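To start, the structure itself, in structure tokens.
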Amino acid sequence: MTKQAGNEALPFDMPEVELPVFPAGTFNIADFGAIGDGLSDNTEAFAAAIEACASQGGGTVLIPAGLWLTGPIRLQSGIRLHADAGALVNFSANRDDYPLIRTSYEGLRTVRCMPAIYGEDLENVAITGTGIFDGSGEAWRPVKRMKLTEGQWKRLIQSGGYEEGGVWWPTEQSLKSVALVKSLIAQNVQDPSAFEPARDHLRPTLVQLDRCRKVLFDGPTFRNSPAWNVHPWLCEHVTIRNVSIRNQWHSQNGDGLDLDSCRYANIYDSVFDVGDDAICIKSGKDADGRALGVPTEYVTIRNCQVFHGHGGFVIGSEMSGDVRNIAVTDCVFIGTDAGLRFKSTRGRGGTVERIYIRGVLMKDIAKEAIIFSSYYSGKNNTDDPVAVTEETPVFRDFHISNTTCIGAHTALHIKGLPEMPIENIVFDRVQLTARNGATCTNARNITFRQTKVLPENGEPYTLVNTEAVTITD
């Protein structure tokens, strides 16, 4: 056991997460021609302030109170981007402002529009202050009919765009580009020019840092992203604290935080209210993720609140590069689809192990309070066993303790593969109140210790093809 930030004892040796360090100089974007009227394009002013700051060895680029319209912001090493209280940075809705770049998204190395805030191969970088960064996501995102009321859908259709099959698209090109993008990704095309006709479909993330070291997010609100909100990829020494991450609940791919193939991270004292998974751990997808082979590991998550999301705390489904040594403590999830959500499918490969969860409180969970599923996405989902290969996902060695859910559709759902059961899961002092009880299929070495499963209907436990289940006290 070791101690780290927050002073809780951890069951694995957690290295100290290093914070970035910055020189004292401050560079106000207003001194570089920025105008905070919400109408003037400040892209060049942001770039000039960042370049001037970097040329002096780094420091703080200050965004004062005001409404600042801009295209993408590209960070450099040694830059602390600080948004004062009253600062609202509104990113352009003009798709042509976002150049196509090679990056990673949804677990695959591919081509996307540049994120609204982007950096690669940086050291000592931060976004701080209590200002707001708005991604103008409504200009990019498709919207599913089933997620809106009749009145909301009618107003959306009247606003323009195109509708097909119960999905609204903001432009005709974004709709027509679906097949092209799938084809290019399937062929592993990496030339940005090949994706140019599909630009409208290649929604940028709000913040993405690729291959960066000593990263800090402290204080801002990130909202209304065209796709994922905050996406560190291949980063080390990441601290995320005191942030608010928000997307409308119907936001397609509107994840909150996706910590992807990263190591040494502390995430705490933050609030999430989003349209997809809220706090999500990933490590690449399928063969691409396995070839990269960089796990997400040595991560602590504590004192966070989630109000909407497909899952409160999530691992997967992109976990092909492995996930291990994760500790989640003292979090609250209210109104999420699932509470604790662990998902994969045949074809992914990868191992998720040594996950420790303590002190999670959940209320009004629409689906499962806790779910382990190796049958995510409806693909390769035969119930007959198949050969175990490098494409077989593995979930094992989870310890969930002092955790309570009041009000869920299903208390617990565990479904492993017949050829690779989910194994070595311990529930210690857990109480789950739900309409339906716990179901375990294709699992082994499952321990319920001082645990109460309290269903409104049926039996507390249903076990199918499950070995070595222990229920004590």
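Nothing here was measured: the structure is a model prediction, and the numbers come from that model. One-based numbering along the sequence shown.
Residues Glu236 and Arg263 are paired through a salt bridge, judged by an N-O separation under 4.0 Å between the basic side chain and the carboxylate. The residues Glu18 and Arg213 are annotated as salt-bridged, a charged nitrogen and a carboxylate oxygen being separated by less than 4.0 angstrom. Lys343 has a carboxylate O that lies under 4.0 Å from a charged side-chain N of Asp277, or vice versa, which qualifies the two as a salt bridge. Using a cutoff of 4.0 Å between basic side-chain nitrogens and carboxylate oxygens, Arg211 and Asp121 are scored as salt-bridged.
Separating the CE atom in Met146 from the NZ atom in Lys144 is a distance of 4.5 Å, to the nearest 0.5 Å. A distance of 11.0 Å separates CD1 in Ile422 from CZ in Arg444, rounded to the nearest 0.5 Å. The structure places CD1 of Ile315 at 6.0 Å from CD1 of Ile326, a figure rounded to the nearest 0.5 Å. Between the CZ atom in Arg74 and the CD1 atom in Ile79 there is a gap of 13.5 Å [rounded to 0.5 Å]. For the atom pair Ile127 CD1 and His82 NE2, the distance stands at 12.5 Å (nearest 0.5 Å). Note: Asp41 CG to Asp97 CG = 6.5 Å, rounded to the nearest 0.5 Å.
Of the N and O atoms on the side chains of Arg358 and Asn402, not one donor lies less than 3.5 Å from an acceptor on the other residue. Side chains of Thr300 and Asn266: a donor on one and an acceptor on the other come within 3.5 Å. A donor-acceptor contact closer than 3.5 angstrom links the side chains of Asn445 and Asn424.
In this structure, Phe342 and Phe372 have tilted ring planes: the angle between them lies in the 30° to 60° band.
Contact check for Trp249 versus Asp273: no side-chain heavy atoms found under the 4.5 Å cut-off. Taking 4.5 Å as the limit, some side-chain heavy atom of Trp233 sits within range of a side-chain heavy atom of Leu292. A 4.5 Å side-chain heavy-atom check between Thr26 and Cys53 finds every atom pair outside the cut-off. Phe448 places a side-chain heavy atom less than 4.5 Å from the side chain of Val469. Taking the side chain as every heavy atom from C-beta outward, Cys405 and Ile365 approach each other to under 4.5 Å. With a 4.5 Å cut-off on side-chain heavy atoms, Asp258 and Glu318 do not count as touching. Proximity of Arg80 to Pro20: side-chain heavy atoms (C-beta onward) are nowhere separated by under 4.5 Å. Asn28 is listed as a side-chain neighbour of Pro64, based on a closest heavy-atom distance under 4.5 Å.
Within the structure, side-chain hydrogen bond (donor to acceptor under 3.5 Å, both in side chains) pairs that include any residue of residues 359-369 do not occur (at least two apart or interchain). Residue pairs meeting the ring-ring contact (aromatic ring centres under 6.0 Å, His included) criterion with at least one partner in residues 101-135, sequence neighbours excluded, are Tyr105-Trp228, Phe133-Phe222.
Every residue meeting the side-chain contact (heavy atoms from CB on, under 4.5 Å) condition with Asp218, not counting sequence neighbours, appears here in chain and number order: Thr128, Leu216, Arg241, Asn242.
For Tyr98 and Trp140, the ring centers are positioned less than 6.0 Å apart.
Of the candidates Asn247, Asp134, Asn229, Asp134 is the only one forming a side-chain hydrogen bond (donor to acceptor under 3.5 Å, both in side chains) with Asn224.
Annotation: Gln450, atom CD; neighbour count of heavy atoms from other residues, nucleotides and ligands within 6.0 Å is above 12. Glu16 CD: 12 or fewer foreign heavy atoms inside a 6.0 Å radius. Within a 6.0 Å radius of NZ in Lys147, other residues, nucleotides and ligands contribute more than 12 heavy atoms.
Shortest non-hydrogen contact noted between Ile371 and Ala338 is CG2-CB, 4.2 Å.
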